S.K.: 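Sending over a structure as structure tokens; questions will come in a sec.
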Amino acid sequence: AYQTLYTCLMTIAKLGAPIAPFYMEKLYQDLNSVSGLDQEESIHLTQFPSADKTMINESLEEQMRLAQTISSLTHSLRKKEKIKVRQPLSRIMIPVLDKETRQNVEHVEDLIKTEVNVKAVEFLDDTSGILVKSVKPNFRSIGQKFGPKVKLIAAAVNQWGKEEIAKIEAEGSYGIEVDGEPLTLALEDVEIKSQDIPGWSVATENKTTVALDINLTDELKQEGLARDLVNRVQNIRKDLGLEVQDKIDIKIQEGDEFIKGAVLANQGYISEETQALSLSFEKELKEGQEVEIDDLSLKVEIKAR
């Protein structure tokens, strides 16, 4: 453990030397005076550390790549459907082409749910027929690779069905025959798109497809309103010059029943996020601020304890 700690600290010192030479020199001297592992008199006389490629975790890199791709696709679907990120949604469905992909997504499932604000990540067998996909040739790619055979290749790709699409997605390539000559098309040689299904919005990037459930229940709408209310209260706190740790009391003027139901259903969450010791409804507020949430308006009064 000591050896690992020493190596980490020494690497930090060497990497930081060009930026903070005096501080890093002091750190190097202090460390080396105890360990005596380096023979150089100064950090500036040592060799720049080399990357240890054995420390690269390719599985973790693939998991994070999938998390980024899935999150990016989900955010693009939210934008397309004009559903803001603060509005919780029930789930996303992800077709998985192999066991390894499923395991990689499962490792970052919680991260994805937090990032895109959905309740669940579900996995879908892409052969189930729930998702309908279409394919067309990527003329730029096949033109660079196959030149004059572009039209013949495009004609072949345009005849593909779900079996050919599934195979090239799963294996990354697909063999065809053009004028008696066998050719192999890579995944980047085609463009695959998924069609939206009722109640869902679908997007695809390379091998990754995400289907977003865009149905909003009353419970989800209430939670979304509660999150928006927290945002408005935090803005008021900031305008009042309150510190993060300052406790407050929140009063809301009675009016819209949906707002009242949303606040009561999420009272604990709102109080925790805003450092509120009390959250109550009043028939009339003489003070306070009018805040807008979508097409709803409410009056909120905040007082520091």
Side-chain angles (χ1 to χ4, degrees), residues 58-136 138 157 160-174 186-188 190-228 266 269:
E58 294 183 357
S59 177
L60 179 59
E61 288 187 348
E62 175 61 13
Q63 290 166 17
M64 294 309 300
R65 185 196 67 79
L66 282 168
Q68 290 176 330
T69 301
I70 292 168
S71 297
S72 177
L73 287 172
T74 306
H75 283 308
S76 71
L77 292 173
R78 278 183 173 273
K79 185 175 181 181
K80 171 187 170 186
E81 301 295 334
K82 297 180 180 179
I83 301 175
K84 56 195 173 185
V85 179
R86 275 197 294 270
Q87 173 60 61
L89 293 173
S90 61
R91 56 182 172 160
I92 57 174
M93 283 197 306
I94 303 173
V96 287
L97 304 176
D98 53 68
K99 183 179 179 180
E100 183 181 358
T101 300
R102 178 173 185 144
Q103 290 176 341
N104 282 332
V105 176
E106 286 176 339
H107 275 98
V108 290
E109 182 177 336
D110 290 339
L111 178 63
I112 293 170
K113 289 191 293 187
T114 301
E115 172 64 24
V116 302
N117 196 13
V118 296
K119 301 292 186 180
V121 175
E122 298 180 0
F123 298 97
L124 177 68
D125 180 0
D126 200 29
T127 62
S128 63
I130 295 178
L131 295 181
V132 179
K133 294 187 176 183
S134 61
V135 63
K136 66 179 182 179
N138 182 343
V157 171
W160 285 6
K162 62 180 182 181
E163 292 182 3
E164 291 85 355
I165 295 173
K167 187 170 183 179
I168 196 171
E169 282 191 315
E171 300 179 5
S173 63
Y174 187 78
L187 187 59
E188 63 265 20
V190 296
E191 296 178 3
I192 299 173
K193 292 187 177 181
S194 299
Q195 300 177 16
D196 289 345
I197 50 181
W200 297 78
S201 190
V202 186
T204 298
E205 181 180 317
N206 297 324
K207 289 185 177 183
T208 307
T209 297
V210 174
L212 175 65
D213 187 346
I214 56 177
N215 294 292
L216 286 174
T217 64
D218 286 342
E219 183 179 356
L220 289 172
K221 290 178 181 178
Q222 287 184 338
E223 188 174 341
L225 190 146
R227 287 172 177 260
D228 278 328
N266 297 277
Y269 164 77

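What you see is a predicted model; the values in this text were computed from it and never measured. Heavy-atom basis, side chains included; hydrogens, waters and symmetry copies ignored.
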S.K.: Starting at CD of Gln103, measure out to OG of Ser59 and round the result to the nearest 0.5 Å.
M.R.: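 It comes to 9.0 Å.
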S.K.: Have Ser72 and Gln68 got a donor and an acceptor in their side chains that come within less than 3.5 Å?
M.R.: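 No - no donor-acceptor pair under 3.5 Å links their side chains.
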S.K.: Return yes if some donor-acceptor pair links the side-chain N/O of Arg227 with the main-chain N/O of Pro88 below 3.5 Å, else return no.
M.R.: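 No, Arg227 side chain to Pro88 backbone: no donor-acceptor pair under 3.5 Å.
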S.K.: Between Val202 and Val132, does the side chain to side chain contact (heavy atoms under 4.5 Å, CB included) criterion hold? Intermediate values first, please.
M.R.: CA-CA 10 Å; Val202 186; Val132 179; over 6 Å; no
S.K.: Inspect the surroundings of CD in Glu100 and state if more than 12 heavy atoms from other residues, nucleotides or ligands are less than 6.0 Å away.
M.R.: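 No - once you tally the heavy atoms of other residues, nucleotides and ligands closer than 6.0 Å, there are 12 at most.
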S.K.: Under the salt bridge (charged side-chain N to carboxylate O under 4.0 Å, His left out) definition, can you give me all pairs with a residue in residues 199-220, not counting sequence neighbours?
M.R.: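 For residues 199-220, and leaving out neighbouring residues, the salt bridge (charged side-chain N to carboxylate O under 4.0 Å, His left out) pairs sorted by first residue read Arg91-Asp213.
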S.K.: Going by the side chain to side chain contact (heavy atoms under 4.5 Å, CB included) test, name the single residue among Thr74, Thr69, Ile92, Leu66 that passes it with Ile112.
M.R.: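 One option only clears the test, and that one is Ile92.
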S.K.: Would you please name every residue forming a side-chain contact (heavy atoms from CB on, under 4.5 Å) with Glu164, sequence neighbours left out?
M.R.: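 Counting only residues at least two positions away or on another chain, Glu164 forms a side-chain contact (heavy atoms from CB on, under 4.5 Å) with Trp160, Tyr174.
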S.K.: Could you tell me the separation between the CG atom of Asp228 and the CD atom of Glu223, rounded to the nearest 0.5 Å?
M.R.: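 Asp228 CG to Glu223 CD: 11.5 Å, rounded to 0.5 Å.
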S.K.: Could you give the distance from CG (Asn215) to CG (Leu220), rounded to the nearest 0.5 Å?
M.R.: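 Output value for this atom pair is 9.5 Å.
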S.K.: Please determine whether a side-chain nitrogen of the Lys or Arg among Glu163 and Lys167 lies less than 4.0 Å from a carboxylate oxygen of the Asp or Glu.
M.R.: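 The answer is no: the pair does not qualify as a salt bridge.
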S.K.: What distance separates Lys133 NZ from Thr204 OG1, expressed to the nearest 0.5 Å?
M.R.: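 Rounded to the nearest 0.5 Å, the NZ-OG1 separation comes out at 5.0 Å.
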S.K.: Check the pair Arg65 / Glu61 against salt bridge (Lys or Arg N to Asp or Glu O under 4.0 Å), numbers first and verdict last.
M.R.: CA-CA 6 Å; Arg65 185 196 67 79; Glu61 288 187 348; over 6 Å; no
S.K.: For the CD1 atom of Ile94 and the CD1 atom of Ile70, what is their distance to the nearest 0.5 Å?
M.R.: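 Nearest 0.5 Å value for the CD1-CD1 distance: 3.5 Å.
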S.K.: NZ of Lys84: more than 12 outside heavy atoms within 6.0 angstrom?
M.R.: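 Result for NZ/Lys84: enclosed.
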S.K.: Rounded to the nearest 0.5 Å, what separates atom CG in Asn104 from atom CD in Glu62?
M.R.: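 One finds 5.5 Å between CG of Asn104 and CD of Glu62.
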S.K.: Using a distance-only test with no angle check, is there a side-chain donor-acceptor pair under 3.5 angstrom linking Ser71 and Glu115?
M.R.: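 Side-chain D/A pair, Ser71 to Glu115: absent.
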S.K.: Walk me through whether Val116 and His75 qualify under side chain to side chain contact (heavy atoms under 4.5 Å, CB included).
M.R.: CA-CA 7 Å; Val116 302; His75 283 308; 4.0 Å; yes
